[in-house]
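Below is one structure; the comments refer to it alone.
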Amino acid sequence: MEATRIRLAEGVHLTYLPARKFKTSLLSAQFVTPLRRETAGANALLAAVLRRGTVSCPDMGALSAKMDNLYDASIDYTVRKKGENQCVGFVASFIDDRYAPGGERLLEPAAALLGELICDPVTYHGRFVPEYFESEKTNLLEAIRSLINDKRDWADSRLLRALCDGEAYAVPRLGDEETVDKLQALKVYTQYRDLISTAPLEIIYSGSADLERVKQALAAAFATLPREEVRVISTAAPHVCRESVQYVEDVLDVTQGKLGMGFSCGSDDMPALLMGNTLFGGSSNSKLFLNVREKLSLCYYASSLYHRQKGLITVSSGIEFQNYQRAYDEIMAQLEAVQKGELEDWELEGARSTLLNSYATVGDSQGKLENFYLGQAATGQHETPADLARAIQDMTAERICRAMSTVKLDTVYFLKGKEGEA
């Protein structure tokens, strides 16, 4: 699939992904804005409020009827974190024109509704409708509070917040409870006007329509979009490793401990670090999974994740409280094994196969395509899945060792029970 990215207007870009293999078309519109504690919650909230109604469809009933007329099309709001940016907007899915009854064209009305949700929301005295605002604020607060119910996700989030304390990467995509609780309708409406005026807008289309037609549909849909001093998309600053390891503990009423470890990567060889992380803990054939979890039974789960934009690797594991030191030592031992090149041929080929398969399957889903290309645009990257696959194809053990030898422990996070002791 050949991706084309073009400029439509000031700070507005289209990524065009022609596809005839799907029965649906996808149209995504996402504002990309710096991730900040003081605005993250407002951005997440306004996305939900915008989805409640437009000038011509002032409530959910009218919006649903409009989408029913488009043969059960769907438009969902999204709030995502890409690097140190927050992506806020909508993703629409509708029947591709080739399958629409009577040859009806659906791209244009779907694009128009998307544009209306963004440019012409229903308002009340110059602000969001109070009932909509309060309802969605309650929903957002509940979503933030419920994060602690999944202790694995909670521990992973706490590790990142400690590891990147003072950096934008530590800010949760939905904001925090304290900030959201103080939000007022007028402030969020003001934030909305600022967002659509100054934030870059990334539009992604996947379907069978030709490029010129897509451009014309979007030009009409976003004709009233204000563009004032549009900011450029900012890229994340690499994390600087601490001089001494930071240890952070939380105590909650849990029966299983969560050990998280954050590592700083001193190399900028992204493909080698990607392979190195896959060997370390990024797959079911990794050293963490096969040794720490399966062979030694020290963890209920153990995996690692490479954060390309920040030059970080994080480890997530669930353990018995009394196994803290043993699990810690074994995780470090497995990292050292990768750094020293203690790698079997089957491990290398397994990691390579895992990554190549992940890139090969991006094109099998419009959702994966949209998420991949949004991530690239929002973080200033330009590689296609094919480019990334080529970088992995000829990766050597020596190159992996060089890159992974720069990986150093920065932060250790442990979530233990009220009776648990490390």
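Since this is a predicted model, take the numbers as computed values, not measurements. All residue numbers in this chain count up from 1 along the given sequence.
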> Going through the checks in order, is the salt bridge (Lys or Arg N to Asp or Glu O under 4.0 Å) test met by Asp364 and Lys21?
Replying inline: CA-CA 9 Å; Asp364 294 339; Lys21 63 189 290 186; 3.4 Å; yes

>> If you apply the rule side chain to side chain donor-acceptor pair (under 3.5 Å), what do you find for Asn149 with Ser146, and how did you get there?
In response: CA-CA 5 Å; Asn149 294 334; Ser146 69; 5.0 Å; no

> So Thr235 and Thr379, side chain to side chain contact (heavy atoms under 4.5 Å, CB included) or not? Walk me through it.
Replying inline: CA-CA 6 Å; Thr235 55; Thr379 57; over 6 Å; no

> Between Phe128 and Tyr192, does a side chain to side chain contact (heavy atoms under 4.5 Å, CB included) hold up when you go through it step by step?
Replying inline: CA-CA 10 Å; Phe128 290 125; Tyr192 153 72; 3.8 Å; yes

> Can Lys368 and Gln366 be said to form a side chain to side chain donor-acceptor pair (under 3.5 Å), step by step?
Replying inline: CA-CA 5 Å; Lys368 286 183 179 180; Gln366 287 177 310; over 6 Å; no

>> Between Leu159 and Asp156, does the side chain to side chain contact (heavy atoms under 4.5 Å, CB included) criterion hold? Intermediate values first, please.
In response: CA-CA 5 Å; Leu159 170 63; Asp156 293 345; 5.7 Å; no

> Going through the distances and angles, do Gln184 and Arg127 end up as a side chain to side chain donor-acceptor pair (under 3.5 Å)?
Replying inline: CA-CA 10 Å; Gln184 301 296 322; Arg127 66 190 68 187; over 6 Å; no

>> Could you go through Gln246 and Tyr413, starting from their C-alpha distance and side-chain angles, then the distance that decides it, and tell me whether this counts as side chain to side chain donor-acceptor pair (under 3.5 Å)?
In response: CA-CA 8 Å; Gln246 173 186 216; Tyr413 171 76; over 6 Å; no

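Within 6.0 Å of CG on Asp345 lie no more than 12 heavy atoms contributed by other residues, nucleotides or ligands. The neighbour count for Asn139 CG, taken as heavy atoms of other residues, nucleotides or ligands under 6.0 Å away, is above 12. Annotation: Arg231, atom CZ; neighbour count of heavy atoms from other residues, nucleotides and ligands within 6.0 Å is above 12.
With a 4.5 Å cut-off on side-chain heavy atoms, Asp269 and Arg402 do not count as touching. In this structure, Pro385 and Phe372 have side chains that are in contact, with non-hydrogen atoms separated by less than 4.5 Å. Inter-residue side-chain proximity for Ser25 and Leu106 is flagged as unmet; no heavy-atom pair is nearer than 4.5 Å. In this structure, Arg105 and Arg213 have side chains that are in contact, with non-hydrogen atoms separated by less than 4.5 Å. Taking the side chain as every heavy atom from C-beta outward, Val91 and Gln30 approach each other to under 4.5 Å. Contact annotation: the side chain of Ile400 approaches that of Leu348 to within less than 4.5 Å [non-hydrogen atoms, C-beta and beyond]. Using a 4.5 Å heavy-atom cutoff, the side chains of Thr24 and Leu26 are not in contact. When side chains are defined from C-beta on, Leu27 counts as touching Leu218, because their heavy atoms get closer than 4.5 Å.
Just one of Asp165, Thr411, Thr314 meets the side chain to side chain contact (heavy atoms under 4.5 Å, CB included) condition when paired with Leu160; it is Thr314. For the side chain to side chain contact (heavy atoms under 4.5 Å, CB included) with Ser206, the qualifying choice from Tyr16, Tyr373, Phe22 is Phe22, the only one to do so.
Gln86 contributes a side-chain N or O that, together with a main-chain N or O of Ala40, makes up a donor-acceptor pair within less than 3.5 Å. Side-chain N or O atoms of Ser358 include one that pairs as donor or acceptor with a backbone N or O of Leu355 at under 3.5 Å. Side chain of Arg352 to backbone of Gln393: a donor-acceptor contact under 3.5 angstrom is found. Proximity of a side-chain donor or acceptor of Gln334 to a complementary backbone N or O of Ile331 within less than 3.5 Å is not detected. For the pair Tyr205 (side chain) and Ala209 (backbone), a donor-acceptor distance under 3.5 Å is present. Between the side chain of Ser197 and the backbone N or O of Asp194 there is no donor-acceptor pair closer than 3.5 Å. The main-chain N or O of Tyr169 is found under 3.5 Å from a side-chain atom of Lys81 such that the two form a donor-acceptor pair. Between the side chain of Lys295 and the backbone N or O of Val292 there is no donor-acceptor pair closer than 3.5 Å. In this structure, Arg242 contributes its side chain and Leu163 its backbone to a donor-acceptor pair below 3.5 Å. Between the side chain of Asp181 and the backbone N or O of Glu177 there is no donor-acceptor pair closer than 3.5 Å.
Evaluation of the salt bridge (charged side-chain N to carboxylate O under 4.0 Å, His left out) test over residues 37-58, restricted to residues two or more places apart or in two chains, returns Arg37-Asp176, Arg37-Glu178, Arg52-Glu136.
Legend: residues meeting salt bridge (Lys or Arg N to Asp or Glu O under 4.0 Å) with Asp250, ordered by chain and number and at least two apart, are Arg158. For Arg227, there are no salt bridge (Lys or Arg N to Asp or Glu O under 4.0 Å) partners two or more places apart in sequence or in a different chain.
Taking the charged nitrogens against the carboxylate oxygens, Lys137 and Glu142 have no contact shorter than 4.0 Å, which rules out a salt bridge. Lys215 has a carboxylate O that lies under 4.0 Å from a charged side-chain N of Glu212, or vice versa, which qualifies the two as a salt bridge. Between Lys340 and Glu336, at least one side-chain N (NZ, or NE/NH1/NH2) sits under 4.0 Å from a carboxylate O, which counts as a salt bridge. With respect to the salt-bridge test (charged N to carboxylate O, under 4.0 angstrom), the residues Lys23 and Asp96 do not qualify.
From Thr224, atom OG1 reaches atom CG of Asp120 across 5.0 Å, with rounding to the nearest 0.5 Å. Between Ile204 atom CD1 and Glu202 atom CD the span is 7.0 Å, to the nearest 0.5 Å. Taking CG from Leu113 and OG1 from Thr54, the interatomic distance works out to 6.5 Å, rounded to the nearest 0.5 Å. Leu274 contributes atom CG, which lies 7.5 Å from atom CG of Leu388 (distance to the nearest 0.5 angstrom). A distance of 4.0 Å separates CD of Glu84 from NZ of Lys310, quoted to the nearest 0.5 Å. One finds the OG atom of Ser303 at 10.0 Å from the CZ atom of Phe280 (value rounded to the nearest 0.5 Å).
A cation-pi arrangement is not found for Arg293 relative to Tyr300, the charged atom failing to lie both closer than 6.0 Å to the ring centre and inside a 45° cone about the ring normal. For the pair Arg161 and Trp154, the distance from NZ or CZ to the six-membered ring centre is under 6.0 Å and the angle to the ring normal is within 45 degrees. A cation-pi contact, defined as under 6.0 Å to the ring centre and within 45° of the axis, is absent between Lys258 and Tyr301.
In summary, the aromatic rings of Tyr189 and Phe133 are positioned with their centroids too far apart to meet the 6.0 Å limit.
Of the N and O atoms on the side chains of Glu228 and Thr198, not one donor lies less than 3.5 Å from an acceptor on the other residue. Remark: the Glu167 side chain and the His239 side chain contain an N/O donor-acceptor pair separated by less than 3.5 Å. Residues Glu370 and Ser28 have side chains that bring a donor and an acceptor to within less than 3.5 angstrom of each other. There is no side-chain donor-acceptor pair under 3.5 Å between Asp410 and Ser264. A side-chain donor-acceptor contact under 3.5 Å links Asn43 and Gln191.
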